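For clarity, every value in this text was computed on a predicted model and none was experimentally measured. Here is how names work: the chains are called A, B, and so on, in the same order as the sequence lines, proteins then strands, and each is numbered from 1.
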Number of protein chains: 2
Amino acid sequence: MLDLERHRELLRQCSIAAALETVGERWSFLILRGAFNGLHHFEEFQSTLGIARNILSNRLARLVESGILKRDPDPTDRRRVAYRLTEKGLDLLPVLLSLRQWGERWVAGTSSNPVLVDRATRRQIAPMAVRDADGRPLQRDELEWVDRSELKDKQA
Amino acid sequence: MLDLERHRELLRQCSIAAALETVGERWSFLILRGAFNGLHHFEEFQSTLGIARNILSNRLARLVESGILKRDPDPTDRRRVAYRLTEKGLDLLPVLLSLRQWGERWVAGTSSNPVLVDRATRRQIAPMAVRDADGRPLQRDELEWVDRSELKDKQA
DNA sequence: CCTGTTAGGTTGCAATATGAAACTAACTAG
DNA sequence: CTAGTTAGTTTCATATTGCAACCTAACAGG
């Protein structure tokens, strides 16, 4: 009970911890990346990711339960199930892109494929960056952590 | 050998997978969040995060080996070690912020503390968003995945 | 100097998670 | 009907996590 209470306190204090409860491990991230890249069906995920079937089944179920993916049975073939990103799941795009760009720069050392472009201009999206309220990218020394009570103006 | 080869192929193909090799699990993320929030010492991480000492030791060592944290022994007290983010580690800020904002919106349902502000204006940073090359936020239906060879212009 | 405290670990072992491979149920196509 | 397909489920060996105790080196104070 004390553990549960501390757990809840942690969740209240930190949204990262809350987020990590649902997506905080490697296979979930990779499944999400697959979903963003157009994978839908169990076998697609399994063969593309090379993930054990029981782990895939477990993670898919968890992502569905968390509301990140939804399970769409195919009316024309009752065996087939499409797993699709929900609004909640789609909102993870900045996370995935940030992670990808970091990986490109610091781990893989190469750019990867496919790339995300602005449909209208066909130009690649900008690198994910911390920006001020007007959209100007901020350098790290321009940033500061403050207590929420010290905010200059209330922002939604 | 075949597994190793496939593993390498996956890393080459996807920078997210490469990134997840180093930060792809819950405790690493939470340690990084702690580091961004000013934690430095073993005991600080341990008591703040409530993480098992052996897991903390293992993760810290891994993050140091990956070049994300560096290990700074204190010259005035040789027992003490400060773990600090490297350039590589600091570059994970967009990942952590994206994740945090996602968690605030979809999991915790509340805003968390501390918050990141522009030092000059004291205004809160903008939500992480996917933006075009000029910095304009893009909606999801404005985005498209293309093969790198189809890029309209070469961008660094 | 000795004793107690501190800091950063390490160790042993139980519980839990992962992964390989086989199996199953339901469905579809010919 | 048979054979193949799809999405899982199960079994069991291996790996990882977590609890709690322990250890070592360094320090502080009397």
**Item:** Interatomic distance, A:L49 CG vs C:dG19 C1' [rounded to whole Å]
**Value:** 14 Å
**Request:** Measure the distance from CZ on B:R26 to P on C:dA17 and round it to the nearest whole Å.
**Result:** 11 Å
**Message:** Whole angstroms only, please: what is the CD1-P distance between B:I51 and D:dA20?
**Reply:** 16 Å
**Message:** Under 4.0 Å, counting only non-hydrogen atoms across every strand here, what does B:S47 touch: a base, just sugar-phosphate, or nothing?
**Reply:** nothing
**Ionic contact status for B:E87 with A:R140, cut-off 4.0 Å** = yes
**Message:** Check this for me, if you would: do A:E43 and A:R53 make a salt bridge, where the nitrogen-to-carboxylate-oxygen distance has to be below 4.0 angstrom?
**Reply:** yes
**Request:** Would you mind building the protein contact string for nucleotides 5-14 of chain D? One character per nucleotide, 5' to 3', B for base within reach (heavy atoms under 4.0 Å), S for sugar-phosphate only, - for untouched.
**Result:** BSBBBBB---
**Request:** Indicate yes or no: does A:E25 engage A:R62 in a salt bridge with an N to O separation below 4.0 Å.
**Result:** no
**Request:** Rounded off to whole Å, could you give me the CD-to-C1' distance for the A:E25 and D:dT17 pair?
**Result:** 14 Å
**Request:** Nearest whole angstrom, please: distance from the P of C:dA17 to the CG of A:L56.
**Result:** 17 Å
**Request:** Taking only the side-chain nitrogens and oxygens of A:R59, find out if one of them lies under 4.0 Å from OP1 or OP2 of C:dT18.
**Result:** yes
**Message:** How many whole angstroms separate atom CD1 of B:I55 from atom P of C:dC13?
**Reply:** 17 Å
**Item:** Phosphate OP1/OP2 of C:dA17: any A:W27 side-chain N/O under 4.0 Å
**Value:** no
**Request:** Kindly indicate whether the side chain of A:V95, heavy atoms from C-beta on, has any atom under 4.5 Å from the side chain of A:V23.
**Result:** no
**Request:** Could you check how far CG of B:N58 sits from C1' of C:dT11, rounded to whole Å?
**Result:** 14 Å
**Main-chain N/O of A:K88 paired to B:W102 side chain as donor or acceptor, under 3.5 Å** = yes
**Request:** Please state whether the rings of A:F29 and B:F29 are parallel, tilted or perpendicular, taking 30° and 60° as the class boundaries.
**Result:** tilted
**Message:** Between A:R71 and A:E65, does any side-chain N to carboxylate O distance fall below 4.0 Å?
**Reply:** no
**Item:** First of A:R78 and A:R62 reached from the 5' end of DNA chain C, by closest nucleotide
**Value:** A:R62
